[in-house]
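First the structure, in the form of structure tokens, and then the observations on it.
Numbering of ligands and ligand atoms starts at 1, following listing order.
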Amino acid sequence: MEWEPVIGLEIHAELRTKTKMFCSCLNDPEEKIPNKNICPVCLAHPGTLPTINKKAVEEVIKVGLALGSKIPEYSKFDRKNYFYPDLPKGYQISQYDEPLCKGGALPLYLSNDPEERKKRIQITRVHLEEDVGKIIHLTSQGKPTATLIDYNRAGIPLMELVTEPVMHSGREARLFAQGLQLLLRTLEVSKANMEEGEMRCEVNISLHQKGQEKLGTKVEIKNLNSFRAVEQATDFEIERQREILEKGENVVQETRGWDAKKGITYHQRLKEGAQDYRYLPEPDLPPLHLYSREKEGGLFLLEELRKALPELPWEKKDRLMREYNLTSLQANLLITEEKLLDFFQEVVKELGAKKSSQFISLAYNYLATDLKGIMEAERMSWEELKI
Ligand code: ADP
Ligand code: MG
Ligand code: ZN
């Protein structure tokens, strides 16, 4: 029997707005003093009311437009109820059945394999919610002594993107996550640093018999804080499930964590279903009239937002490969390092009549290998470079 792995991703990203999602507190993920950027609204004092941060809504719509999602004319917020001390209100304001973006796709454009690059990963939805506080467990000589809570992060706008279950390996999951990170940075909506928790990936994995339509029981893996972890945890989990299924046993639907040191996934908890969250429409916020097809009313002019989108990273990559005859590997470096690309384009401009692929490749190699090599040896940033 041939088992085929099926993978879908849920990716959260903290948006870079000035203020939080539903109050005017600063959105500063770098704030070191705990509980500084807080107020009665994000602490859920009784009697307070949330106000929608329009910029956050706009940023998620920009992501949707870049992915080719359908933006509905109306959207709304819902309450997702659960009880945990990182969530002051006892519910998270999120979106349930009317997300800001529906559908769309992201190509695996960072791949160096032209066939793989054509693969478009379908997006289910992109919605907006609020982040929760940080819980810090203190220990002394290995024993727990106290638990601290920092609400600076509570209420920071959080985008959630959900893909269809259409990927088949740890490599594809990693390429998708890397491609999305670069898109979020290009759109300047999130710093999307995984190590900092600004972008968080959850991988859903199941196996089924190839050719069969029905999907297998899925396992969700959380707390993956690097691209390496996304790929390795996925591949480990695929093999773990394959062994279970080949023994004729059943996979248990659960949430598992990733132990990077041991290189294994481990049981965290049994998966809760949507009904456990008792979603209900948020009564303290008005529904959003995002735009109007008749060009009247609504919060945004969708066409203006679309026109204002920058060159998207996969478009930029195609252009660089075409215009300068660069390899995929070379173009990847240029699209991920803006300053290097600026230098490269300036140098090529100077070449004038000598603009042959031989000179272009010489210029690329000088900048990407020699110059960058010197900069790395001297621990010098582009800002410090005097050239
Ligand atoms: P849940 O309600 O359990 O959160 P969803 O239907 O919302 O499940 O899907 C969450 C994520 O899991 C999506 O990215 C989706 O593509 C993926 N997914 C759903 N079913 C499967 C499956 N059988 N195998 C792998 N991934 C799946
Ligand atoms: Mg889900
Ligand atoms: Zn606040």
Where on V166 is there a heavy atom closer than 4.0 Å to ligand 1, on the side chain, on the backbone, on both, or on neither? neither

Any idea which atoms of ligand 1 are less than 4.0 Å away from a heavy-atom of L9? 14 (O)

Less than 4.0 angstrom from a charged side-chain N to a carboxylate O is my criterion; do K119 and D113 meet it? no

Numbering as shown, the atoms of ligand 1 that approach G216 to under 4.0 Å (heavy-atom distance): 23 (N)

Between E311 and R319, is there a side-chain N and carboxylate O pair less than 4.0 Å apart? yes

Can you figure out which of E10, E220, Q122 has its heavy atom closest to atom 10 (C) of ligand 1? E10

Hey, what's the angle at the Zn ion (ligand 3) spanning SG (C25) and SG (C23), nearest 10 degrees? 110°

If the Zn ion (ligand 3) is the vertex, what is the angle to SG of C39 and SG of C42, rounded to 10 degrees? 110°

Are E383 and K339 within salt-bridge range, i.e. N to O under 4.0 Å? yes

Enter the distance from R79:CZ to Q92:CD here, rounded to the nearest 0.5 Å. 12.5 Å

Can you check whether I205 has an N/O within less than 3.5 Å of an N/O in ligand 1? no

Is the shortest distance from a Lys or Arg side-chain nitrogen in K62 or E59 to a carboxylate oxygen in the other one below 4.0 Å? no

For ligand 1, which is the ligand I care about here, please tell me if L215 has any N or O atom under 3.5 Å from one of the ligand's N or O atoms. no

Going by the closest heavy atom to atom 15 (C) of ligand 1, which one wins out of T163, N204, I121? T163

Applying the 4.5 Å side-chain criterion to the ILVMFWY set and letting contacts propagate, would V203 and V6 be lumped into a single cluster? no

Select one of side chain, backbone, both or neither to describe which atoms of V162 lie under 4.0 Å from any atom of ligand 1, heavy atoms only. side chain

The answer for which part of E164 has a heavy atom under 4.0 Å from ligand 1 is backbone

Determine whether the aromatic ring centres of Y96 and Y277 lie less than 6.0 Å apart. no

Measure up the W382 and F343 rings against each other and bin them: parallel (under 30°), tilted (30 to 60°), perpendicular (over 60°). tilted

